[in-house]
Amino acid sequence: MAIYNIFIMTVAILLQVYSRPTTAAHFVLVHGSGHGAWCWYKLAALLEQAGQNVTAIDLAYSGRNEIPLISVRTIDGYQEPLFTYLECLSPQDKVILVGHSYGGYAISSAMERFPAKLTGAVFVSAFMVGPNLTFNQLGASFNPGASFFNDSKYIGDPPRIVLFGPNYLATKLYQNSPPQDLKLANYSVRTTQFFYGELTNRQLLVTNERYGSVRRAYVIGGMDMAIPPDSQRLFIASNPPEIVREIPGADHMVMLSTPQEFCANLLEIAQVFTGSR
Ligand SMILES: *[C@@H]1O[C@H](CO)[C@@H](O)[C@H](O)[C@H]1NC(C)=O
Ligand SMILES: *[C@@H]1O[C@H](CO)[C@@H](O)[C@H](O)[C@H]1NC(C)=O
Ligand SMILES: *[C@@H]1O[C@H](CO)[C@@H](O)[C@H](O)[C@H]1NC(C)=O
Ligand SMILES: *[C@@H]1O[C@H](CO)[C@@H](O)[C@H](O)[C@H]1NC(C)=O
């Protein structure tokens, strides 16, 4: 009888240990230029089905954010909704930032401002500044190309106020994504700003002590036509993250063209960051 009881207790303990869900992470998703929280709809649903906590941010004048574009004059102002969100997190909450495309700048700044609130940061087909790669150095190597100027609406040389055109969206951003997602973009993208100059460079400076203390991963969109994989590898080479993954079939919109693969990668990266593997 005693042996039977010990057996039952052992089984109960083992069940408890092995059925414990791997620690849920809280992912905070930051969109790229012209986009909004809406572009994460597939990935957010997948992460939540996997038991994770997800928050998708709308930066200034993006998605449902109602601040007018004209009232935001600096990149700090554009990124402010992310900073406010992180400021208001309760002190025991730690999150994993995921920054896409131009949203890579937002999560870099957030890493510099709030390193203690972060479990890690994941750049996906994103611009990534670092202590060894300033905004000015990085921006100098980037040109959106002829197909951008072909049908996008823009003001400035280089372009400062921008609305992506349908041909640019179809051929450079969404070429591997389902037509429904391209349609969603056609209905949802908004006019955005690209920032330049010394003030922008200064606002995006990051240090080894703060930014460098946050664990970092990079996910390359293998068929990205907007920020080509070779450019992404240059960001990585001058500022190597702890983890680098590549999704071969992904276009620029990694979260829409290859959501399952991207979700699986994020779950594995989160396990490394939280030390649960
Ligand atoms: C998700 O995170 C937010 C902010 O930390 C928290 O308020 C909320 O309770 C979390 N939700 C779940 C389901 O853990
Ligand atoms: C310019 O746009 C038109 C249609 O809007 C398209 O047919 C053409 O291929 C584009 N050219 C380039 C270089 O992208
Ligand atoms: C949406 O598609 C229509 C028809 O092709 C086009 O005129 C319009 O400029 C597109 N809007 C955006 C934001 O791509
Ligand atoms: C800084 O970046 C350059 C390439 O831009 C790279 O060759 C160099 O190794 C980097 N230095 C450090 C300390 O990471």
Side-chain angles (χ1 to χ4, degrees), residues 29-45 56-75 77-82 98-107 123-127 139 142-196 200 219 221-229 231-232 247 249-259 262:
L29 312 176
V30 184
H31 62 84
S33 290
H35 288 71
W38 56 265
C39 74
W40 300 102
Y41 79 100
K42 284 180 181 170
L43 183 79
I57 302 287
D58 281 320
L59 296 178
Y61 54 80
S62 305
R64 286 200 193 131
N65 182 287
E66 288 175 357
I67 294 171
L69 180 143
I70 203 72
S71 71
V72 175
R73 304 196 172 274
T74 67
I75 198 160
Y78 172 57
Q79 298 171 345
E80 195 272 335
L82 173 63
V98 181
H100 176 237
S101 194
Y102 211 77
Y105 292 131
I107 69 168
F123 293 77
V124 52
S125 278
F127 294 108
F142 185 73
N143 180 330
S147 62
F148 169 82
F149 296 101
N150 187 7
D151 70 338
S152 298
K153 296 193 167 60
Y154 62 94
I155 302 172
D157 177 19
R160 288 168 185 279
I161 298 186
V162 172
L163 178 63
F164 294 138
N167 183 55
Y168 183 71
L169 286 171
T171 60
K172 301 295 171 182
L173 302 187
Y174 284 76
Q175 87 276 6
N176 288 359
S177 297
Q180 292 88 342
D181 292 332
L182 178 61
K183 206 42 153 173
L184 177 66
N186 179 271
Y187 293 151
S188 309
V189 294
R190 293 180 60 187
T191 303
T192 192
Q193 288 184 81
F194 294 160
F195 297 90
Y196 305 93
T200 306
V219 178
M223 295 180 72
D224 189 338
M225 310 272 282
I227 308 177
S231 304
Q232 299 182 43
I247 303 179
D251 61 20
H252 185 60
M253 304 308 294
V254 180
M255 68 295 271
L256 295 171
S257 54
T258 53
F262 186 26

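Remember, it's 1-based here, ligands and their atoms both numbered in the order they're listed. Numbering of residues begins at 1 and proceeds along the displayed sequence.
- Distance check on atom 4 (C) of ligand 3: every protein heavy atom falls at or beyond the 4.0 Å cut-off.
- Below 30°, between 30° and 60°, or above 60°: for F194 and F164 the angle between ring planes is between 30° and 60°, a tilted geometry.
- Within ligand 3, the atoms closer than 4.0 Å to a non-hydrogen atom of V189 are 13 (C), numbered from 1 in the order shown.
- Proximity of N186 to ligand 3, defined as any heavy-atom pair under 4.0 Å, is shared by backbone and side chain alike.
- Between Y78 and F195, the ring planes lie tilted relative to each other; the angle falls in the 30° to 60° range.
- For atom 7 (O) of ligand 3, the nearest protein heavy atom is 4.0 Å or more away.
- Annotation: side-chain contact (heavy atoms from CB on, under 4.5 Å) contacts of A170 (sequence neighbours excluded): L182.
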### Message
As a quick check of understanding, evaluate side-chain hydrogen bond (donor to acceptor under 3.5 Å, both in side chains) for N186 and Y174, giving each step before the final call.
### Response
CA-CA 11 Å; N186 179 271; Y174 284 76; over 6 Å; no
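- Of all atoms in ligand 3, numbered sequentially from 1 with element shown, those under 4.0 Å from a heavy atom of L169 are 14 (O).
- By the 4.5 Å heavy-atom criterion applied to side chains, Y41 and L184 are counted as neighbours.
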